[in-house]
Amino acid sequence: MAVKYDFKSVEQKWQDYWYGERVFEVKEDPSKPKFYGLIEFPYPSGAGLHVGHIRAFSSMEVIARKKRLEGYNVLFPIGYDAFGLPTENYAMQTKQHPRKVTDENIAKFTAQLKKVGYSFDWSRVVDTTDPDYYKWTQWIFLQMFKRGLAYKATTTVNFCPKCKVVLANEESQGGVCDRCGTEVVQKEKDVWFLKIRNYAERLLTGLEKVNFPERIKTEQQNWIGKSQGADVTFKVKVAGTEYPLVVYTTRPDTIYGATFLVVSPEHPLLKEYASSIVNAEEVAAYQAQAKLKKEFDRVQVNKDKTGIKVEGMVAVNPITGTEIPIFTADYVMMDYGTGAIMAVPAHDKRDWDFAKKYDLPIIEVIKSDVDVQVEPYCAKEGAGIMVNSGFLNGLTVKPAIAKMIEYMEKAGIGKAKTDYKMKDWAFNRQRYWGEPIPIINCPHCGQVAVPESELPLRLPDLEDFTPTDDGTSPLSKCTDWVNTTCPICGAKATRETDTMPQWAGSSWYFLRYESPRDGEHAVNPDAYAYWGQVDWYNGGMEHVTRHLIYSRFWNQFLYDIGAVSHEEPYLRRSAQGLILGADGEKMSKSRGNVVNPDDVVKQYGADVLRMFILFIGDYEKPAPWSAEGIKGCNRFLARYWNAQDLIASGKVDTSDLNLDALVKKVSDDYEACKFNTAIAAIMTALNTIYARGKTTREELNTVSLLLYPVAPHVTSELYSIINNGAYVDKAKFPSYDESKLVAETVEIPVQVMGKLKERVTVPAGSDEAAVMEAVKATGVLDGKTVIKVIYVPDKIINIVAK
RNA sequence: GCGGCCGUGGCGGAAUAGGCAGACGCGUACGUUUGAGGGGCGUAUGGGAGACCGUAUGGGUUCAAGUCCCAUCGGCCGCACCA
């Protein structure tokens with residue numbers, strides 16, 4: 001009898017071996033094919049590891065362990081995304097330095113991850129807060145700055161009054177702060193931007209080259225938000241002159257139905273000609289109100305259209321020559337298109353609402369059954385024939401758009417334009433715990449890059465890094481550091497005191513892993529030539545429109561400057577679903593439904609935790625934790641352990657378990673992230689072995705190897721015991737014989753009129769006549785006339801009979 | 001409003017390309033083992049006494065529908081006054 005499995009000592013034994021012998025540390029080896037598997041490096045929060053991390057990391061862990069057994073040289077690195085607000089806030093609360101807090105948290109995470117037995121290459125750890133790392137983050141920023149891709153501008157930005165920090169659009173989705181949920185306010189600030197919009201088109205087309213799940217591609221496409229249309233110039237008669245007002249429209253074909261223009265309350269036209277506006281006071285009041293509204297009423301959706309007519313100016317429709325009124329309304333945004341639209345109320349819901357409210361004419365230009373005076377007809381592209389539209393009459397929408405653009409371009413009143421919803425990336429934060437932006441402000445030379453030889457530009461040690469209410473960075477208090485000289489002219493100058501957002505360090509860490517200690521390059525060219533692109537990247541859906549776009553952008557930029565040789569960083573992406581609390585709700589401290597992986601490891605061991613998190617359900621879908629369900633995995637591993645007692649000395653008939661089919665099933669399922677069904681298949685196999693009551697060493701070895709990526713400790717131990725101390729991680733992953741996948745005989749369900757009536761067992765590959773012979777023998781067709789037979793070989797037979 | 005996803009036992013979930021619905025696990029019941037059990041082992045477990053009925057609801061296509069089509073109801077996620 002095997003001794004009772006003691007997970008504590010066995011897991012410790014194998015972890016000592018893996019980490020002590022540096023089993024998973026790799027070097028470039030041209031004799032082997034490489035595989036680069038990546039997981040999103042964690043933010044080392046004080047709360048420690050979460051079961052969500054276990055799910056996120058365990059998929060690549062399985063793949064990495066499997067690929068090693070298949071002969072790949074596997075790079076499976078780990079690091080820490082350690083700059084950021086929670087650490088800084090915690091440090092302030094507890095009056096410690098963020099450096100100290102970060103180091104403690106990293107040490108805690110490292111210990112926890114090792115207890116789970118992950119096969120990371122611990123020699124390659126990167127820490128974004130390490131000056132040797134952020135030196136290169138700053139270097140990349142400077143390369144962008146030198147090429148005009150980083151610029152400073154004064155704009156209205158999203159500002160979180162609680163975190164006291166400027167937020168990128170991506171961090172303030174829905175008008176609330178990503179981190180604390182506080183409503184975001186608009187603030188005029190000097191802001192550093194990265195010109196991610198320059199890469200919008202390539203970020204779109206690049207998606208065609210990579211293997212990402214459709215939902216991720218769709219989300220990124222929506223986020224980038226490409227639209228094709230035209231800029232059209234309307235002449236505005238004001239103050240005795242003609243002001244060219246450019247509107248952006250995706251539907252230039254409907255211009256005959258444009259009965260008014262609407263400009264955003266922030267539009268420069270209103271500022272420039274304020275003195276010519278007859279109802280200037282009213283307009284000014286509306287502008288003020290719109291600004292307030294932005295700050296306080298963002299949550300309200302589909303609110304009533306409001307607006308006000310701008311008296312004292314009138315626009316001329318460039319196609320019809322008709323004079324039409326101009327309105328200002330807050331449903332037109334300054335930061336999209338040109339901040340001005342032509343309103344076609346007959347065919348746009350918002351314009352229609354507005355026209356009804358202010359009693360403006362509605363002209364139908366696309367024929368339909370609906371009466372546009374009663375409701376708008378919002379034609380999808382191609383639906384409908386143009387009417388009341390001069391030379392476009394009779395055309396369908398698509399050709400009408402093309403013809404109108406052609407006409408406008410010839411006449412010089414408009415031109416085709418592609419626009420994107422995605423905004424440039426607001427790149428500075430007024431906080432301490434981030435990479436200093438390596439720029440010096442010189443009164444003579446303007447913004448000057450810190451010389452590369454002076455990188456890293458280190459964060460100065462500060463006593464007090466509390467952010468200020470007015471939004472200036474705590475670094476500004478450190479005058480010794482701020483005051484410097486201009487590297488160009490030598491004059492007294494000051495340093496930029498804002499820091500980079502947390503997204504900076506994570507935008508290129510996957511490249512640093514390839515040569516983490518290189519002092520000469522961000523990415524060592526030789527290392528990159530070997531490891532290249534990430535073969536498979538797993539992470540969360542919440543990063544799809546942030547980190548996953550930002551890092552693609554940085555990689556494309558690095559490609560442009562020749563630092564890397566692939567445009568796309570990730571060949572394949574997968575995404576795990578959330579682990580919910582047992583109550584089906586998102587895990588949170590306040591709900592009290594948080595599961596701590598440490599507790600699970602203590603109670604059941606790492607193998608059980610790893611196995612259950614993968615068995616819990618569809619990997620990509622959310623799944624509730626179950627304290628009961630995990631027992632099943634615990635039982636299974638105990639049964640697996642005890643199966644060593646079933647190894648029989650004599651000959652064993654193992655034909656009831658098709659190992660080739662099992663190997664294929666498990667192998668394919670792992671590669672497809674279907675860990676739950678892979679594990680189920682291994683469970684079924686073990687059930688078969690137990691039902692039979694005996695097994696062979698070979699059979700159990702195959703099961704061990706299949707199970708090893710999921711539960712490496714217990715399989716390593718059992719494999720060692722039954723194979724005279726051999727190491728499972730030095731074995732080969734089992735392969736299968738394609739010709740042995742089908743059994744010799746198959747059981748064929750027999751349907752009569754589509755209803756299951758019988759089953760017959762026939763040799764595999766039997767033809768219809770042979771199967772019918774067997775069916776007749778069962779008697780189900782007695783007294784019936786066969787009309788038609790549908791036979792799917794080796795699958796099913798259906799007989800239509802009277 | 002737009003885009004995407006999804007509704008299967010008491011529960012988590014299976015079902016390759018239209019071909020045996022409910023794999024695997026949990027839970028439950030009964031039996032058994034043990035000095036004892038919140039342990040091990042065994043059997044059963046969608047509903048119905050039954051022919052049969054069953055994948056949110058109603059229609060349709062097909063020899064055959066959880067899977068395809070149309071409509072309705074419900075849920076989730078992303079974007080959101082995007083011109």
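Scope of the values below: all heavy atoms of this structure, side chains included, with no hydrogens, waters or symmetry mates. Sequence lines set the chain letters: A, B, ... in the order given, protein chains first and strands last, and positions in each chain run from 1. Bear in mind the structure is a predicted one, so any value in this text is a computation, not a measurement.
Not one side-chain nitrogen or oxygen of R215(A) sits closer than 4.0 Å to the OP1 or OP2 atom of C6(B). Using a 4.0 Å cut-off, some side-chain N or O of R635(A) falls inside it from OP1 or OP2 of C26(B). OP1 or OP2 of A83(B) has at least one side-chain nitrogen or oxygen of Y336(A) nearer than 4.0 Å. Residue N676(A) places at least one side-chain N or O closer than 4.0 Å to OP1 or OP2 of A14(B). Under 4.0 angstrom from either OP1 or OP2 of C11(B) there lies no side-chain N or O belonging to K631(A). When the side-chain nitrogen and oxygen atoms of K757(A) are compared with OP1 and OP2 of C52(B), one or more of them lie within a distance under 4.0 Å. Neither OP1 nor OP2 of C41(B) sits under 4.0 Å from any side-chain N or O of N642(A).
Q751(A) comes within contact range of at least one nucleobase, with a heavy-atom separation under 4.0 Å. Nucleic acid contact for V792(A): base, since at least one base atom lies under 4.0 Å from a heavy atom of the residue. Nucleic acid contact for S626(A): none, since no nucleic acid atom lies under 4.0 Å from a heavy atom of the residue. The residue K674(A) sits close only to the backbone: its heavy atoms come under 4.0 Å of sugar-phosphate atoms, none of a base.
Nucleotide U62(B) holds its C1' atom 14 Å from the CD1 atom of I796(A), rounded to whole Å. Across the protein-nucleic acid pair, K795(A) atom NZ and G19(B) atom P stand 7 Å apart, rounded to whole Å. Rounding to whole angstrom units, CD1 of residue I616(A) and P of G12(B) are separated by 11 Å. Taking atom CZ on F615(A) and atom P on A23(B), their separation rounds to 11 Å, with Å as the unit. To the nearest angstrom, P of A23(B) lies 18 Å from CG of L662(A).
In this structure, R197(A) is not positioned above the aromatic face of Y420(A) in the sense of NZ or CZ being under 6.0 Å from the six-membered ring centre and within 45° of the axis.
With respect to the salt-bridge test (charged N to carboxylate O, under 4.0 angstrom), the residues D660(A) and K664(A) do not qualify.
Atoms CD1 and CD1, on I401(A) and I255(A) in that order, are 12.5 Å from each other to the nearest 0.5 Å.
In this structure, of G3(B), C24(B), C53(B), it is G3(B) that holds the atom nearest to the side chain of N222(A).
When ring centroids are compared, F260(A) and Y358(A) stay outside the 6.0 Å threshold.
Of all nucleotides present, only C73(B) satisfies the Watson-Crick or G-U wobble test against G7(B), with each distance under 3.5 Å.
Taking atom P in both G3(B) and G48(B), the straight-line distance is 44 Å, to the nearest Å. With C1' as the reference atom, A80(B) and G18(B) are 38 Å apart, rounded to whole Å.
Between the side chains of N538(A) and E40(A), no donor N or O sits under 3.5 Å from an acceptor N or O.
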